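Take a look at the structure set out below.
A, B, ... follow the sequence lines: proteins, then strands. Residue 1 opens every chain. Small disclaimer: the values here were computed from a predicted structure and weren't measured.
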Number of protein chains: 2
Amino acid sequence: MGTKQFSDSLDQADVTRADSLAREIFSDIANKWALLIIEALGERTLRFSELRGEVDGISHKMLTQNLRMLERNGLIERTVHATVPPRVEYTLTEPGQALRVTIDGMCDWTHRYLGDIEASRHRFEARKP
Amino acid sequence: MGTKQFSDSLDQADVTRADSLAREIFSDIANKWALLIIEALGERTLRFSELRGEVDGISHKMLTQNLRMLERNGLIERTVHATVPPRVEYTLTEPGQALRVTIDGMCDWTHRYLGDIEASRHRFEARKP
DNA sequence: CGGCATCCCTAGCGATACTG
DNA sequence: CAGTATCGCTAGGGATGCCG
């Protein structure tokens, strides 16, 4: 990760530890499903089954797995209502919201450059058949 | 992808086609290696071997694979110097630069919330041993 | 309904080696 | 030096089934 904003007031060991932690977190978060889940949650509170409907293409397993990971990293909050049948709701925490904003940026980017990308792909295929 | 900014002046078929394309692009881009490569490139022009050094942990194969993908989508430009030994340079295009900005956002986010995340992880582990 | 565990299979990835 | 190809292995991820 390029940004070296730690060098002040931290000794070298802490710097490298922080950086490896940063890489680890980045690897956790920077995957398709995690980002789509965060984006799907947005400002809303959704239950497990609703999320499954929103994300589309995600399997039961991948959803739980990523939800656990996001919860562990404190990006989402998980509240269980002890009713029957059980009702589990997920919502973005403040850190989660903050990240969502940047993901929104990625989505906007995708739509903004959709045409250019499609064109580029055609040029690419046409170049070497 | 939540953003529905297409419904005007496009018929339904085009809308769904655009959306599936958007999802496809998103799935291409939203992976660890691609994002790290873009971030590593930044404003600079780097050659293959330099990139390998910058990204850290990436294998020869993954690097080429992702570079091809990014080139195909028009995020990077690849220029071959016909010297011996060959020299291949990669640089971000304008779309690539635009995406990089949002990725910078993700990196900043990671550093910004590093402490909170670490704390959250400890709480998480402590909760159910 | 939501979560965990199990089985199973594919594709992602690393390692190695060969060409221009 | 950069890229392609081949070979293995492991881990990702789907499907199913059983509990709270």
Side-chain angles (χ1 to χ4, degrees), chain A residues 23-38 40-41 44-73 75-92 124-125 127-129, chain B residues 23-24 26-37 40-41 44-73 75-92 124-125 127-129:
Chain A
R23 273 199 302 277
E24 193 190 321
I25 294 168
F26 193 87
S27 300
D28 266 18
I29 306 286
N31 90 67
K32 179 179 144 181
W33 291 132
L35 296 183
L36 287 174
I37 289 170
I38 294 172
L41 272 174
R44 305 176 283 176
T45 293
L46 293 178
R47 15 191 333 195
F48 186 88
S49 40
E50 292 170 330
L51 265 171
R52 250 209 103 173
E54 289 293 323
V55 173
D56 117 346
I58 197 170
S59 71
H60 188 102
K61 188 183 178 181
M62 281 301 99
L63 185 52
T64 13
Q65 207 165 93
N66 279 278
L67 285 173
R68 282 301 91 67
M69 182 273 286
L70 291 172
E71 187 192 2
R72 183 170 107 92
N73 289 319
L75 299 202
I76 61 178
E77 191 179 3
R78 175 171 178 272
T79 52
V80 186
H81 297 83
T83 58
V84 49
R87 179 186 188 83
V88 184
E89 296 186 322
Y90 295 94
T91 183
L92 289 180
F124 188 85
E125 318 306 353
R127 209 154 61 229
K128 36 174 177 180
Chain B
R23 273 200 301 278
E24 192 191 321
F26 194 87
S27 301
D28 267 17
I29 306 288
N31 90 68
K32 181 178 144 184
W33 292 131
L35 297 183
L36 287 175
I37 290 171
L41 272 175
R44 306 175 285 176
T45 293
L46 292 179
R47 17 193 328 196
F48 185 88
S49 43
E50 292 170 332
L51 265 169
R52 249 209 105 170
E54 289 293 322
V55 173
D56 120 345
I58 196 168
S59 71
H60 188 102
K61 189 181 176 182
M62 280 302 99
L63 185 52
T64 13
Q65 206 165 96
N66 279 277
L67 285 174
R68 283 299 93 71
M69 180 275 285
L70 292 173
E71 187 192 1
R72 183 171 108 91
N73 289 318
L75 299 202
I76 62 178
E77 191 179 3
R78 175 172 178 271
T79 52
V80 186
H81 297 82
T83 59
V84 48
R87 178 186 189 83
V88 183
E89 297 187 323
Y90 295 93
T91 184
L92 289 179
F124 188 86
E125 318 305 354
R127 208 152 63 227
K128 35 175 176 181

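Here the closest heavy-atom approach between residue L51(A) and residue A40(A) is recorded as CD2-CB, 4.2 Å. In this structure, W33(A) and N66(A) approach most closely via the heavy-atom pair CB-ND2, 3.6 Å. Residues S59(A) and R52(A) share a closest heavy-atom pair of CA-NH2, 4.0 Å.
Here Y90(A) does not reach the OP1 or OP2 of dC1(C): none of its side-chain N or O atoms lies under 4.0 Å away. Not one side-chain nitrogen or oxygen of T64(A) sits closer than 4.0 Å to the OP1 or OP2 atom of dG2(C). Residue R87(A) places no side-chain N or O under 4.0 Å from the OP1 or OP2 atom of dG2(C). The side chain of R78(A) places an N or O atom within less than 4.0 Å of a non-bridging phosphate oxygen (OP1 or OP2) of dG3(C).
Remark: the H60(A) side chain and the dG3(C) base include a donor-acceptor N/O pair separated by less than 3.5 Å.
Between I76(B) and I37(B) there is no side-chain heavy-atom pair separated by less than 4.5 Å. At a threshold of 4.5 Å between non-hydrogen side-chain atoms, the residues F48(B) and H60(B) count as touching. Looking at heavy atoms from C-beta onward, E54(B) lies in side-chain contact with L46(B) at the 4.5 angstrom threshold.
We find that CE of M69(B) is positioned 16 Å from C1' of dA11(C), with the value rounded to whole Å. If you measure from atom CG of L63(A) to atom P of dC1(C), you get 15 Å, rounded to the nearest angstrom. K61(A) has its NZ atom 11 Å from the P atom of dA5(C), to the nearest Å. Rounded to whole angstrom, the span from the CD atom of Q65(A) across to the C1' atom of dA5(C) amounts to 12 Å. M62(A) has its CE atom 16 Å from the C1' atom of dG2(C), to the nearest Å. Going from atom CD1 of I37(A) over to atom C1' of dG2(C) covers 14 Å, rounded to whole Å. One atom, CD1 of I58(A), and another, C1' of dG3(C), lie 15 Å apart when rounded to the nearest Å.
Atoms CD and OG1, from E50(A) and T45(A) in turn, are 9.5 Å apart once rounded to the nearest 0.5 Å.
For DNA chain D, the span of nucleotides reached by chain A at under 4.0 Å from its heavy atoms goes, 5' to 3', from dG13(D) to dG20(D).
Counting any heavy atom pair closer than 4.0 Å across all strands shown, R52(B) reaches no nucleic acid atom.
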